[in-house]
Amino acid sequence: MKLLLLAGSGEARMVAEGLTGMAGIDVVASYAGATQRPATLPCATRSGGFGGVEGLREYIRRERIDALLDATHPYAWRMSANAAAAARAENLPHLQLLRPEWRPEPGDDWTMIATEQQAAEHIRPPARVFLATGRQNLENFANLDGCWLICRRIDPPKAAFPFANGEYLRGRPPFSLADEVALFSRLGLDWLVAKNAGGVEGRSKLDAARQLGLRVLMIERPRQPDCQRVDCVRAALEWVRAGA
Ligand code: NAP
C-alpha cells in the first residue's frame, strides 16, 4: 500500500517513525515547504503545494496513492479541506489525525477569540504582546497600534518586521516551562496570543503564562473537514495497519 502522509506536525513525524519497516507499506510524506529545515523523516519526502484539490487529485493518480493520512497542524485548514475533498473525489481511504484541544486549567486566564483581528478588541495599548501564532498571518495584527509585538519564529527573517511596533524573536521548539517562564519574565509581557494547537510540546507557554499570571488570548480552532478522524498517533497507526 502506498500512503501519502501530509506532514507538518510532531504527530506526522511520529507516524512516519511508527511506520518505518512496516511490511507492505510504502510511505511518502509531504511538507508544505514553508519551513527551511523541516524535521527529517525516515521515509520518502516531497515538498511544496500540490496546486489545490485538482493538483492533489492529479498527484494521487500519478503516484498511485492508495490511502491518505492527514497529519497536518490543526490550523492548516486549507490543506485538510483539500485532502478531504480530493480523497472523496478519488474514492480514497482518508483519515485525519487531529490532536485534542487544550482546555484551560484552574489559574489560567484565557479569552477565546475567533480571529486574529479580534485581538485589538481586548488588548489595550501600551501592552507588550507575545505572538505565539507564527509569522505567516502577522498582517492580521496590524490593528494593534501602540502595542509592542514580539513574534517568535523558527527561521531567520528574510525581511524586517512588517510593523514599526514589533520585532521577531528566533526559537525552535520544543521550549521547556523553565525557558518560557524566564523568557516571558525577561520580555515583561502583558499578553500572550496563542493558537489552540493542543499537544504536549506547545503547552509549556500556557503553563508559563499561568505561573506568571499572564493573560492569554486564545484563537479558536478553524473548522475541520467532515471526515474520519482520530486524535492520537496510535489510532492512526492502527488505521494504516488495518489496511486503511
Ligand atoms: P494551509 O493554510 O492549510 O495550507 C496552505 C497551502 O499550503 C495548501 O493549500 C497547500 O497548497 C500547501 N500545504 C499545506 N500543507 C501541506 C503539506 N503538508 N504538503 C503539501 N502542501 C501543503 O497550511 P498552513 O497553515 O500554511 O501550514 C503550512 C504547513 O505548516 C502545514 O503542513 C502545517 O502542518 C504546518 N504548520 C502549520 C501551523 C499553523 O499554525 N498553521 C503550525 C505548525 C505547522 P496547495 O493548495 O497548492 O496544495
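Throughout, numbering of the chain's residues begins at 1 and tracks the sequence. Every number for a ligand or one of its atoms is a count from 1 in the order of the listing.
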Do R46's NZ or CZ and the ring of F50 fall within the cation-pi criteria of under 6.0 Å and 45°? yes

Run the salt-bridge test on E180 and K205 with the 4.0 Å N-O cut-off and return the result as yes or no. no

When you measure from the heavy atoms of G52 to every atom of ligand 1, does any distance fall below 4.0 Å? yes

So is G134 close enough to ligand 1, meaning a heavy atom under 4.0 angstrom away? no

For atom 6 (C) of ligand 1, state whether the nearest protein heavy atom is under 4.0 Å away. no

Got more than 12 heavy atoms from elsewhere within 6.0 Å of CZ, R172? yes

Starting from atom 3 (O) of ligand 1, find the nearest protein heavy-atom neighbour and note its residue, name and distance. M79 N, 2.8 Å

Counting heavy atoms under 4.0 Å, the part of E11 that contacts ligand 1 is neither

Under a heavy-atom criterion of less than 4.0 Å, does A197 contact ligand 1? no

Using a strict cut-off of 4.0 Å, indicate which atoms of ligand 1 neighbour a heavy atom of G49. 11 (O), 21 (N), 45 (P), 47 (O), 48 (O)

Is there at least one pair of N or O atoms, one from F50 and one from ligand 1, spaced under 3.5 Å apart? yes

Using 30° and 60° as the class boundaries, would you call the ring planes of F161 and Y168 parallel, tilted or perpendicular? perpendicular

Heavy atom under 4.0 Å from ligand 1: found in A34's side chain, backbone, both, or neither? neither

Within-shell test, A7 vs ligand 1, heavy atom, strictly < 4.0 Å: yes

Is the number of heavy atoms from other residues, nucleotides or ligands under 6.0 Å of R64 CZ greater than 12? no

If the cut-off is 4.0 Å to any non-hydrogen atom of Q136, which atoms of ligand 1 fall inside it? 26 (O)

Between N82 and ligand 1, which part of the residue brings a heavy atom under 4.0 Å of the ligand: side chain, backbone, both or neither? side chain

Taking N or O atoms only and a 3.5 Å limit, does S80 qualify as a polar contact for ligand 1? no

Do the side chains of R57 and E54 get close enough for a salt bridge, i.e. N-O under 4.0 angstrom? yes

